[in-house]
Novice: 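This is the structure, below, for whatever I ask next.
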Amino acid sequence: TGERKEMFGFNARRIKTSVVKTATPEACDKDQKIETDGWYIDFQYAFECPGQVQKHQPVPVRPQRPDCRDEVRTKTIGSAKLGFPVLVTTTIYQPDGKTTTSVHEVLELSRDSLSAALFEAPEGYTLAKNMQELYGMGAGATAGGASYPQPTKNSGASTANVASSTANTATANAGPKQPGVIRIGLVLPKVQMNSGNPAQAAEALRNEFASYLKGSSVEAIPLSARVESLVAEEARQKECDYVLYVSMSVKKGGGGSMFGRAIGNIAGSAAGHIPGGGSATTGAARSAAIGGVYTTAVIVGSIKAKDEVSLEYKLEPVDRTRQRTANSAKAKASRDGEDVVTGLVEKAAGTIVAAVSQKQQ
């Protein structure tokens, strides 16, 4: 727009971007319009070590329907330089006339030098051989060590392969358990959804439980085994006190809108705004490396208004001498994209922590 103002000591420029998608009648996708109004600065930063960027492979784009793959033609008008976004408002215009608006704002930006002590390895650390060991997840969970298959003529094949790799690759070995700590082994959850990728959702659900089951006296580690007898064996080898089995299902409710699909497209568009990221594809790969693992966003994006999410779990003691804990809960979404999953996981984790802590006393 030519407008300028000072933000965080930088000369920020205002740029408006519009993405208009026009679908032919036979296309499986639909018309859509996304507008961004933001302020950008020239701010150089890097999240990765030299030599790592070249290892990233393009992240495959999930088709809207497993049996459909559109031919996409793009046309770019304008060549405004974006840069680092410090304040961006995004508006999604849906076919039914509804709009969704989100705002991303940088609240603090510092260029102070960091203390050298922050980069010193702590005593007793374990060297990770690769990104998979670092995050304790499957190979498909990180872009740094992942080998993404290239798109083929078989619709949805590339996405399915990535999800399968994520779900089935053996996780890193857990270190020795510290005295007084209760260790819970997390089996890959079983997930049933109306749309989206169940394998990615399963990893995301396990990650969410792991984040809540983490403290000074309780820790959670992923287990790669899927058969119950093998799960018990792996749990004993990794010094687990308990094994947690989780299942989740999403029962279709009302009609819903294109919120989830629009959010997915927003993520691709926003990735293109990352400095040094180049296209939205390389930007998405860079973001995956930063995040490292799937989050519940892969589940929430597919939830529609009136959908009912059911969560069931059982906590099995490895030594079989303690009493098992089992429970279930449900929540209904009041709007498209409502995060009802986090609340269910938080409540379940609280019950689990209370149960294992009481049994430990």
Novice: For E105, does the CD atom sit with more than 12 other heavy atoms under 6.0 Å from it, leaving out its own atoms?
Specialist: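 Buried by this count: over 12 neighbours within 6.0 Å.
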Novice: Apply the test side-chain contact (heavy atoms from CB on, under 4.5 Å) to residues M248 and L344: give CA-CA distance (whole Å), side-chain angles for both, the deciding distance (0.1 Å), then the verdict.
Specialist: CA-CA 10 Å; M248 187 195 75; L344 291 173; over 6 Å; no
Novice: Below 4.0 angstrom, N of the basic side chain to O of the carboxylate: do R13 and D42 qualify?
Specialist: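 Salt bridge present between R13 and D42.
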Novice: Please find the pair of heavy atoms, one from A305 and one from D336, that lie closest to each other, and give the distance.
Specialist: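 Residues A305 and D336, closest heavy atoms: N-OD1, 2.7 Å.
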Novice: Pair V19, K21 - check side-chain contact (heavy atoms from CB on, under 4.5 Å), show working.
Specialist: CA-CA 7 Å; V19 179; K21 183 194 303 180; 5.7 Å; no
Novice: With a 4.5 Å cut-off on side-chain heavy atoms, are D307 and E338 touching?
Specialist: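 When only atoms from C-beta onward are counted, D307 and E338 do not touch, as no gap falls below 4.5 Å.
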Novice: What verdict does the side-chain hydrogen bond (donor to acceptor under 3.5 Å, both in side chains) test give for Y93 and E35, after you've listed the backbone C-alpha separation in whole Å, the side-chain angles of each residue and the deciding distance to 0.1 Å?
Specialist: CA-CA 8 Å; Y93 296 88; E35 292 183 343; 3.1 Å; yes
Novice: Does the pair E71/R73 count as a salt bridge with the N-to-O cut at 4.0 Å?
Specialist: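 So E71 pairs with R73 through a salt bridge.
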Novice: Could K177 and E239 be called an ion pair, given the rule that one side-chain N must be under 4.0 Å from one carboxylate O?
Specialist: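 A salt bridge is absent here (no side-chain N lies under 4.0 Å from a carboxylate O).
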Novice: For the OH atom of Y40 and the CD1 atom of I15, what is their distance to the nearest 0.5 Å?
Specialist: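 The CD1 atom of I15 is 6.5 Å from OH of Y40, to the nearest 0.5 Å.
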Novice: Measuring from atom CZ of R226 to atom NZ of K190, what distance do you get when rounded to the nearest 0.5 angstrom?
Specialist: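 Output value for this atom pair is 8.5 Å.
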Novice: Quick one: OG1 on T17 to CG on L82, what's the gap to the nearest 0.5 Å?
Specialist: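 Interatomic distance, T17 OG1 to L82 CG, rounded to 0.5 Å: 5.5 Å.
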Novice: Connecting only ILVMFWY residues whose side-chain heavy atoms lie within less than 4.5 Å of each other, what is the rest of V72's hydrophobic cluster?
Specialist: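 Cluster partners of V72: none, it stands alone.
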Novice: Would you please indicate yes or no on a ring centroid separation below 6.0 angstrom for Y313 and Y245?
Specialist: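 Here the rings of Y313 and Y245 have centres that are no less than 6.0 Å from each other.
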Novice: To the nearest 0.5 Å, how far apart are CZ in R206 and CG in L186?
Specialist: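 Answer for the CZ-CG pair, R206 versus L186, is 7.0 Å.
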Novice: For residues S216 and V181, report the shortest heavy-atom separation together with the two atoms involved.
Specialist: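 For S216 and V181, the tightest heavy-atom pair comes out as O-CG2, 3.8 Å.
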Novice: Can you measure from OG (S224) to NZ (K238) and round to the nearest 0.5 angstrom?
Specialist: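 Going from the OG atom of S224 to the NZ atom of K238 covers 5.0 Å.
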Novice: Kindly compute the distance separating SG (C240) from CD (E316), expressed to the nearest 0.5 Å.
Specialist: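 The CD atom of E316 is 13.5 Å from SG of C240, to the nearest 0.5 Å.
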Novice: Minimum heavy-atom separation for A210 and A220, please, with both atom names.
Specialist: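 Result for this residue pair: CA-CB, 4.2 Å.
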Novice: Taking T325 as the fixed residue, which of V356, I352, L315 is the one that meets the side chain to side chain contact (heavy atoms under 4.5 Å, CB included) rule?
Specialist: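 One option only clears the test, and that one is L315.
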Novice: Check V243 against V231 and note the closest heavy-atom contact, atom names and distance.
Specialist: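 For V243 versus V231, the nearest heavy atoms are CG1-CG1, 3.6 Å.
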Novice: Going by an N to O cut-off under 4.0 Å, is there a salt bridge joining E219 and R183?
Specialist: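 So E219 pairs with R183 through a salt bridge.
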Novice: Please enumerate all residues that pass side chain to side chain contact (heavy atoms under 4.5 Å, CB included) together with R236, with sequence neighbours excluded.
Specialist: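 So R236 forms a side chain to side chain contact (heavy atoms under 4.5 Å, CB included) with A232, E233, V318.
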Novice: Can you tell me if NZ on K330 sees more than 12 non-hydrogen neighbours from other groups inside 6.0 Å?
Specialist: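 Open: at most 12 neighbouring heavy atoms sit under 6.0 Å from NZ of K330.
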Novice: Determine whether I303 and V309 satisfy the following criterion, side-chain contact (heavy atoms from CB on, under 4.5 Å), listing intermediate values before the conclusion.
Specialist: CA-CA 9 Å; I303 292 179; V309 180; 3.9 Å; yes
Novice: Provide the closest heavy-atom pair for A349 versus F209 in the form atom of the first, atom of the second, distance.
Specialist: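 Taking A349 first and F209 second, the nearest heavy atoms are N-CE2, 4.5 Å.
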Novice: Show your working on side-chain contact (heavy atoms from CB on, under 4.5 Å) between T90 and I34 and close with a plain yes or no.
Specialist: CA-CA 7 Å; T90 303; I34 302 173; 3.8 Å; yes
Novice: What closest approach, in Å, do A23 and D31 show between heavy atoms, and which atom pair accounts for it?
Specialist: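 Looking at all heavy atoms of both residues, the shortest contact is N-OD1, 2.6 Å.
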Novice: Report yes if the side chains of V341 and L311 come closer than 4.5 Å at any heavy-atom pair, otherwise no.
Specialist: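 They are not in side-chain contact.
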